[in-house]
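Chain letters run A, B, ... following the sequence lines, proteins first and then strands; every chain starts at 1. These values consider heavy atoms only, across backbone and side chains, with no hydrogens, waters or symmetry-generated copies.
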Amino acid sequence: MYLAVSSPAPGVVELTALDADGAVATRERIPEAELPVRAAALEAGHPRWVWADTTRWYPALLAAGTRVERCVDLRMCRLLLRNAAAARDTELARAPRDRWDEPRAVAAASDTLFELDAPVPDDDPVAELLFQRAVIAASATPGRLALLTAADSVGALVAVELEHAGLPWDAVRHDRILTELLGERMPGARPAHMERLVGEIRAALDDPDVNPDSAPTLLKSLQRAGLRVSSTSRWELKGVDHPVVAPLLAYKKLARLYTANGWAWLGEWVHGGRFRPVYVPAGVVTGRWASDGGGALQLPQQVRGAVVSDPGWKLVVADAAQLEPRVLAAMSGDAAMARAGRAHDMYQGMVDAGAVETRSQAKYGMLGAIYGGTTGESGRMRPRIERAFPRAMAFVEAAARAGEAGDVVSTWLGRTSPPGRDAAYDETRSDDERARARSDGRAWGRFTRNFVVQGTAAEWALCWMGALRRMLWELGGGDADPCPLTARPHLVFFLHDELIVHAPAGLADAVADALRASAAEAGRILFGDAPVEFPLTVAIVDSYADAK
DNA sequence: ACCGTCGGCGCC
DNA sequence: AAAGGGCGCCGACGGT
């Protein structure tokens with residue numbers, strides 16, 4: 001049932017099997033070097049592995065060829081339970097913070113001061129597991145919190161598997177893309193096309209020394225040349241008629257590519273035909289993933305042509321269409337919005353329902369509702385969205401008001417927003433301070449408004465991944481087949497509402513079906529029979545660039 | 001030399 | 001056209 005793993009001393013692993021009631025069935029200690037081999041045999045019994053940190057244990061198991069079906073990541077679960085409003089009346093709320101509340105300690109590799117200290121044995125994972133189970137059972141929403149802890153834990157498994165597999169990356173194609181867009185690499189200087197643009201910028205500004213990478217000096221130079229701008233940002237420059245604008249915007253575009261995903265990035269992050277970024281599951285307050293190195297979640301369109309499947313394999317790229325509006329429709333129980341979502345393109349569905357005239361109005365209107373936009377097109381659409389989808393709007397408005405009042409809000413499964421700052425606004429004295437306090441309050445309201453939708457969308461994505469991961473394993477032969485994870489169809493990329501599976505060409509169609517089936521399953525897991533659909537755009541391609 | 005912050009921009 | 005949510009990363013820059 002449960003199989004807890006910890007390290008009571010360096011090089012030693014303690015394995016504790018629990019039965020369904022949480023009673024200890026067996027306990028033994030083995031050398032850590034033997035764990036990968038033992039794990040393969042233990043996994044045959046389909047235990048739920050229990051460990052402090054998935055990143056501490058799972059990489060070595062995967063490297064040895066053992067894929068794990070399920071786990072509890074105790075530290076992730078402690079964090080979300082500690083913050084959860086639904087667990088406010090449990091023992092956890094009264095318990096002082098302890099080491100389970102601390103972020104995972106990273107190895108202090110070269111720090112001799114710490115090496116002199118006696119190594120600290122792991123805290124007992126069995127006690128913490130039983131504690132967390134009791135907290136969930138005593139909470140206001142045990143079913144939802146149990147689901148959320150399971151979802152976060154499966155996300156932790158997927159993140160390690162993504163890093164293990166890596167995203168197939170063709171360094172030669174990447175180099176070709178860079179050379180075509182940026183020009184030849186120049187030792188000690190910018191690439192050729194960028195250098196040429198710098199020349200044009202300097203000529204247009206009549207300023208032979210200006211460095212377009214330095215915003216302050218560039219701004220002064222622009223103003224000296226007569227441009228009425230208050231920043232050097234793209235959207236402000238776009239509205240100005242001056243010969244410097246075109247080369248400067250072109251330069252900015254190339255400079256971004258050069259510094260963020262240029263040759264230096266390629267050399268640092270792509271090895272052996274794979275891009276291996278570092279994912280941080282639930283690294284964002286809303287429960288979204290973050291990344292820590294490699295910039296996996298900001299991979300620009302320009303370089304996606306370098307993502308290429310292996311010979312005989314395909315990339316199956318799936319994108320959830322208008323995920324956040326659909327999640328909002330489901331959470332708020334807005335039947336009219338759910339009906340608009342019957343269309344594969346929900347925004348077109350809103351046009352067809354007569355809520356707005358154009359697709360673009362629908363899109364900006366919905367984004368405004370979810371983000372709290374008040375100006376521009378999204379602000380203008382607000383009354384019409386409100387009339388067409390009153391329950392959805394009331395739902396996000398309530399979240400915004402809660403934030404403004406200093407209350408916390410929670411996602412569908414119960415992830416809870418951080419507390420707002422003390423709302424001692426009335427005691428502030430000057431008009432300026434009161435105005436700033438009001439503005440801060442509204443900003444926090446926009447945050448809580450978005451939190452409930454973005455966070456629930458992240459939960460949907462976790463359920464999608466979890467269900468898909470199981471289906472992919474079965475497609476690859478299931479437990480009966482001893483072949484490792486990366487010899488089967490397997491996940492290679494995750495981007496909030498988008499997944500990429502690397503699959504043998506002959507299984508690509510089946511993978512596409514699995515992606516759709518798992519999306520439907522995610523909807524059922526979260527929202528039961530609510531009439532909200534989660535359609536995908538799926539493409540079977542050789543290169544990521546061909547997916548859209 | 002190092003560190004934190006900021007402007008700017010990539011992604012959703 | 002717009003400017004409202006969440007991030008990470010880069011170079012520049014101002015502080016120590």
Side-chain angles (χ1 to χ4, degrees), chain A residues 190 194 210-219 229-239 248-249 251-262 264-265 268-269 277-304 319-325 327-328 358 360-361 363-382 385 396 399-400 403 409 411 415 417-418 439 442-458 460-461 493-499 544 548:
Chain A
R190 298 178 178 88
M194 289 174 67
V210 69
N211 172 12
D213 295 325
S214 167
T217 58
L218 176 62
L219 180 60
V229 289
S230 59
S231 77
T232 66
S233 72
R234 199 174 71 91
W235 72 266
E236 193 169 353
L237 288 168
K238 269 196 312 197
L248 182 51
L249 292 182
Y251 176 83
K252 281 167 167 281
K253 186 91 182 155
L254 297 189
R256 168 75 193 186
L257 174 63
Y258 177 58
T259 58
N261 295 96
W265 179 92
E268 184 175 356
W269 291 102
V278 179
Y279 292 99
V280 186
V284 178
V285 281
T286 58
R288 268 191 178 180
W289 287 20
S291 63
D292 180 18
L297 306 180
Q298 299 119 253
L299 211 58
Q301 296 288 341
Q302 289 160 309
V303 300
R304 293 186 180 186
D319 178 317
Q322 302 98 33
L323 177 58
E324 293 193 351
V327 161
L328 174 56
T358 67
S360 155
Q361 287 179 345
K363 182 173 177 180
Y364 287 111
M366 275 322 304
L367 290 180
I370 293 169
Y371 293 152
T374 53
T375 60
E377 181 78 328
S378 69
R380 276 195 295 282
M381 287 303 114
R382 188 70 160 270
I385 300 291
V396 290
V409 295
T411 60
R415 198 186 310 272
S417 65
S439 163
R442 280 194 300 270
W444 196 253
R446 286 192 297 273
F447 166 64
T448 52
R449 167 197 295 266
N450 184 251
F451 181 95
V452 294
V453 181
Q454 184 184 117
T456 304
W460 181 90
F493 195 57
F494 171 57
L495 188 52
H496 305 311
D497 60 358
E498 186 174 335
L499 290 172
Y544 190 14
K548 284 203 174 163

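When the side chain to side chain donor-acceptor pair (under 3.5 Å) test is applied to S231(A), the partners found at least two apart in sequence or on another chain are S233(A), E236(A). For the salt bridge (Lys or Arg N to Asp or Glu O under 4.0 Å) test, residues two or more places apart in sequence or in another chain that qualify with R380(A) are E377(A). Evaluation of the salt bridge (Lys or Arg N to Asp or Glu O under 4.0 Å) rule for R256(A) yields no partner, not counting sequence neighbours. Checked against salt bridge (Lys or Arg N to Asp or Glu O under 4.0 Å), D319(A) has the following partners two or more places apart in sequence or in another chain: K548(A). For D292(A), there are no salt bridge (Lys or Arg N to Asp or Glu O under 4.0 Å) partners two or more places apart in sequence or in a different chain. Residues passing the side chain to side chain donor-acceptor pair (under 3.5 Å) test with Y364(A): none are found, sequence neighbours excluded.
On a pure distance criterion of 3.5 Å, a polar donor-acceptor pair joins the side chain of R288(A) and the base of dC12(B).
Of the candidate nucleotides dC7(C), dA1(C), dG4(C), dA1(C) has the atom nearest to the side chain of E377(A).
The stretch residues 291-301 of chain A touches DNA chain C through S291(A), D292(A), G293(A), G294(A), G295(A), Q298(A), each having a heavy atom within less than 4.0 Å of the strand.
Counting only residues at least two apart or on different chains, the salt bridge (Lys or Arg N to Asp or Glu O under 4.0 Å) pairs with a member in residues 449-458 of chain A are E397(A)-R449(A).
By the 4.5 Å heavy-atom criterion applied to side chains, Y279(A) and F493(A) are counted as neighbours.
Here R446(A) lies in heavy-atom contact (under 4.0 Å) with sugar-phosphate atoms only.
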Give me the distances for all protein-to-nucleotides 11-14 of chain C N/O pairs that come in under 3.5 Å?
unit_1, atom_1, unit_2, atom_2, d
dA12(C), O3', S214(A), OG, 3.3
dC13(C), OP1, S214(A), OG, 2.5

